[in-house]
2 protein chains.
Amino acid sequence: MGGIPTIREVAVAADVAIGTVSRVLNGHKSVSDDVRRRVLKAIKKLKYEPDRVAQSMRLGVTRTVAFATRDISIPGFGAIVNAAEEALRSNGYTLLLAMTDERKERELNLLRIFQQRRVDAVIMATSSEDDTELSKRIRSADIPIVLLDRENPLQLDAVTLDHRRGIRAATEYLRGFGHTRIALLTGNPSTRPAHERIAGFKEASSHLGKHANHSIIRTGAFSAEFGFREASSLLSGATRPTAIIAGGMAMLAGVLQAVRARGLKIPDDVSVIAGADSDLAALATPSITAVRWSGTDEGRMAVQLLLNRLGNRSAPVQRVMISTELIPRESCGPPTR
Amino acid sequence: MGGIPTIREVAVAADVAIGTVSRVLNGHKSVSDDVRRRVLKAIKKLKYEPDRVAQSMRLGVTRTVAFATRDISIPGFGAIVNAAEEALRSNGYTLLLAMTDERKERELNLLRIFQQRRVDAVIMATSSEDDTELSKRIRSADIPIVLLDRENPLQLDAVTLDHRRGIRAATEYLRGFGHTRIALLTGNPSTRPAHERIAGFKEASSHLGKHANHSIIRTGAFSAEFGFREASSLLSGATRPTAIIAGGMAMLAGVLQAVRARGLKIPDDVSVIAGADSDLAALATPSITAVRWSGTDEGRMAVQLLLNRLGNRSAPVQRVMISTELIPRESCGPPTR
DNA sequence: ATGAAAGCGCTAACAT
DNA sequence: ATGTTAGCGCTTTCAT
C-alpha cells in the first residue's frame, strides 16, 4: 500500500474486481464503457504499472531475449546489437546483454543464467563450433537460439555472413594488382567466419600453380592483438608478404599499428584490406579497402528469425546469409618488389 | 512435468518438502547432511535450475539493472557497457540494455518499461538535463538511477567526466602553438559534457583580451553528422578556424571527413583535437591528439555507485568524477596563416 | 531438522 | 458484463 500499487489497489479504487482490471489492461472486449473508464481513471490516479515479473510468472514467457557477444566494445558489434534491440523493442521484447569474452566457461555459465532467467530466446556467437560440451549444452538448452555468424550446431537457426565471397573478391582484387605473396590473418578456424574466409582466400588462388602461390595463412584470434603480433612477425620476415588481409572485426587496428611500427607505407610497401568495415578503415589515411556488410541487417535478421521461431517452434531450421561487398579504397596497389 | 523441472519435482524426487529443497538451494544451516545429499542428487538428476522469475516475484528484487544509452554503436560506449556488465555479473546482476536514440519520448518510454520490469536500478545518460517533464519523471521513478556524465537532477548519484579540464588542456595546447581562431564543436549545452567542454574552452581563453580571442563555439549534437556539417561550413568560410576541437564521442569521424572533403591537410591547414579517444584517433594518419579517459573506470564506477545505493537507499548522494588527460599526437601544429 | 502453508501480482477459467 | 478463485515457482514463517 505504501509502495508500488498493484492490480488489487486499482480494483479497490475503481470499485471492481481485479479480474476486471486485468481485462481492461489486456483490452478484452467484454467490459462496459463505464467500468473501463473508472478503471482507467484509477490506473492513472495511482500511476499503476503492471508488474511484468508477475505476468511472466503467470504467462510462462518473459518477453526477454538474451544477446551474448564476445565484446561489445568491438566496433561493428555495436551496430548489430543496436539493430537487434530496436527490432526487439518494437515487438515488446527487452534485450539482455552479456559478454562471453570468447571464453567457453563464460558461455556455459551464461547459458545457465539465461535459462534461470527464463529468457524466451538467445542470440549468440559461440567461441567454437566444434567443442562437444558446448554443442551439447546448446542443443539441450530448451530455449530457441539463433546463431550469429556460426552454423553449428546445424539444427539451430542462424544468420551468417558471406565472408567467403567477400574475401574471395578481396584476394582476386589483390591478385589483379599482381600480388602473389598475400597473407590472410584470421581467427580460430573452428569458427565459421575464419574458415569461410580461408575458403574464399583459397578459392581465389585455386587456379594458380603451386609455384605461383605464395599465400600465407595465420589463424588464432580475431583480435587486434593477434593482428598486431602476426603482422609484425610477417612484416619483419625476410620474405614478407606484399599484401595483408585483416580477417577479423577488430583486427585492422592491430595490423595498421604493426605496419606503422615498422615504418612501412601503405600501399607502397604493403597493401592492406580489412575483412570488416569500420570508421577506422573509411577514414584512415590512406583509407583502407574493406569487405563490408550491413550489421543493421544482420541484427534485424537475427531478431526476425527469432520471432519466427517463437511463432512456430517446430518450423524447419532457418538459415539466412547476409551478402558482403568489397569497397575499394586507397590501401591497395601493385607490389613493389 | 514434461517441461522444465520445478522445485516441487525435486522435492518429490528427493522425498522431502519443497521448503527443504529451498533451504538446500539457499545454503541454510539447518539441513542434515543426508537430506542435503539427497536433494543435491535430485537436482543434478533432473537438471533443475531455479526459476529466477519466481524468485524475483517472491523476493521483490530482480537482480537486473538497466543501462540506457544513446547508441551503443558509438565507439567508446562499448567499453563502458562492457565494464558495467562485467561488474554487474560478478555481483549476480544481469544487464538489460536499451537505446534512447537521444529522444525524450524513448527515454520516457524506457523508464516505464524499466519500471514494469521491476529492474533494481538504472544507469543512464539522459538527452537533456533541463527538461522539466523528464526530470520529474526521473525523480519520481522509485528506482535508484545513476547518471552517466550528467549531473541533473541533483539528487541522483552520478559519475561524471572531467571534460572541463580535458578541453582546457586541449585549448591551452593549441594556444601554445599560436592558435587564436579555435573552433569547439559540441552537443546540446543543456547536457553536462557540452557545457563543461564549453566552460573549459572559455577558461583557457579567459586571460585573453576581447580582440585576441576569436574563439568559435558551435553546439547542437555530439554526432558525426553534426561534426561534418559544422566543420564543413566553418572550413569553407572566409575566416576559417585554424584549429578544430571535436567535442563529442562520435564526432571526430565527421570532422575528419569534412577536412578531407575540402582537401585540407592536418596539421598544416588545420589542427584537430578529438574530445574523446578512439581507434580512429590513435591510428589515423596523422594520428589525432585526443582527450582521453578510461571508459572501463567509468562503467565500473557507475556499477559501484549502484551497488552502494542498493545497499543503502538513504545514503547521501554520491558523485564521482573520472579524470581526463590530453594525449598529444600528430594532429596539431602552428597555424599557417 | 523438517514439513505445511501463506502469499508475492497476475491471468484465465469458471461462476453468476 | 463482472466477480471469484486457482495457481504459476518460489521463500519464509510457523509448527512440530
Side-chain angles (χ1 to χ4, degrees), chain A residues 1-40 42-43 46-64 92 112-113 115-120 142, chain B residues 1-40 42-43 46-64 92 115-120 142:
Chain A
M1 210 208 139
I4 299 170
T6 72
I7 199 173
R8 178 155 278 114
E9 271 126 333
V10 175
V12 170
D15 194 33
V16 294
I18 62 169
T20 302
V21 177
S22 175
R23 276 185 282 259
V24 171
L25 247 24
N26 297 287
H28 279 247
K29 46 270 148 197
S30 39
V31 177
S32 74
D33 280 357
D34 172 51
V35 168
R36 158 165 287 115
R37 249 192 307 276
R38 260 157 53 209
V39 170
L40 258 15
I43 287 176
L46 297 175
K47 291 200 218 306
Y48 167 78
E49 297 286 355
D51 184 334
R52 307 283 258 105
V53 175
Q55 287 180 336
S56 293
M57 161 102 127
R58 173 68 231 240
L59 265 16
V61 237
T62 53
R63 294 227 132 204
T64 284
R112 267 194 48 175
I113 293 178
Q115 229 140 252
Q116 295 185 348
R117 294 212 174 250
R118 303 295 192 256
V119 303
D120 293 341
D142 28 25
Chain B
M1 207 203 144
I4 299 169
T6 72
I7 198 173
R8 178 154 277 114
E9 272 127 334
V10 174
V12 170
D15 194 33
V16 295
I18 62 171
T20 303
V21 177
S22 174
R23 278 185 279 260
V24 172
L25 247 24
N26 297 288
H28 279 246
K29 46 271 150 201
S30 40
V31 177
S32 74
D33 281 357
D34 172 51
V35 168
R36 158 167 285 115
R37 249 191 308 277
R38 260 159 51 212
V39 170
L40 257 16
I43 286 176
L46 297 176
K47 293 202 218 303
Y48 168 78
E49 297 286 356
D51 183 335
R52 307 283 257 104
V53 176
Q55 287 180 335
S56 293
M57 162 102 128
R58 173 68 230 235
L59 265 16
V61 212
T62 53
R63 294 226 133 208
T64 286
Q115 228 140 255
Q116 296 186 347
R117 297 218 172 247
R118 303 293 191 258
V119 303
D120 294 341
D142 27 26

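Chain naming here is simple, since letters A, B, ... match the order of the sequence lines and numbering starts at 1 in each. Note that the coordinates shown come from a computational prediction; the quantities given were computed from them, not determined experimentally. All values below were derived from every heavy atom in this structure, side-chain atoms included, with hydrogens, water molecules and symmetry-related copies excluded.
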request  = Give the C-alpha distance, both sets of side-chain angles, the deciding distance and a yes or no for side-chain hydrogen bond (donor to acceptor under 3.5 Å, both in side chains) between A:Glu49 and B:Gln116.
outcome  = CA-CA 6 Å; A:Glu49 297 286 355; B:Gln116 296 186 347; 2.9 Å; yes

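Side-chain contact check for B:Thr20 versus B:Arg23: some heavy-atom pair is nearer than 4.5 Å.
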Can you name the atoms? Protein N/O to nucleotides 2-4 of chain D N/O, anything below 3.5 Å, with the distance.
residue: D:dT2; atom: OP1; partner: A:Ser32; partner atom: OG; Å: 2.8
residue: D:dT2; atom: OP2; partner: A:Ser32; partner atom: N; Å: 2.6
residue: D:dT2; atom: OP2; partner: A:Ser32; partner atom: OG; Å: 3.2
residue: D:dG3; atom: OP2; partner: A:Ala17; partner atom: N; Å: 2.7
residue: D:dG3; atom: OP2; partner: A:Thr20; partner atom: OG1; Å: 2.7
residue: D:dG3; atom: N7; partner: A:Arg23; partner atom: NH2; Å: 2.8
residue: D:dG3; atom: O6; partner: A:Arg23; partner atom: NH1; Å: 3.3

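Atoms CE (B:Met57) and P (D:dG9) sit 11 Å apart, rounded to a whole Å. The separation between B:Arg118 atom CZ and C:dG9 atom P is 9 Å, rounded to whole Å. Rounding to whole angstrom units, CG of residue A:Asn26 and P of C:dA12 are separated by 6 Å. Straight-line distance from the CG atom of A:Leu46 to the P atom of C:dG9: 14 Å, rounded to whole Å. One can place NE2 of A:His28 at 12 Å from C1' of C:dC10, the figure rounded to the nearest angstrom. Atoms CG (A:Leu59) and P (C:dC10) sit 12 Å apart, rounded to a whole Å. At whole-Å resolution of the value, CZ in B:Arg8 and P in C:dA4 are 11 Å apart. Rounded to an integer number of Å, the gap from CZ of A:Arg117 to C1' of D:dG9 is 16 Å.
Side-chain atoms of B:Asn26 never come within 3.5 Å of backbone atoms of B:His28 as a donor-acceptor pair (strictly under, hydrogens ignored).
Going from atom CZ of B:Arg117 over to atom CD of A:Gln55 covers 9.0 Å, rounded to the nearest 0.5 Å.
Side-chain atoms of A:Arg118 and A:Thr64 include no donor-acceptor pair closer than 3.5 Å.
For the salt bridge (Lys or Arg N to Asp or Glu O under 4.0 Å) test, residues two or more places apart in sequence or in another chain that qualify with B:Asp34 are B:Arg38.
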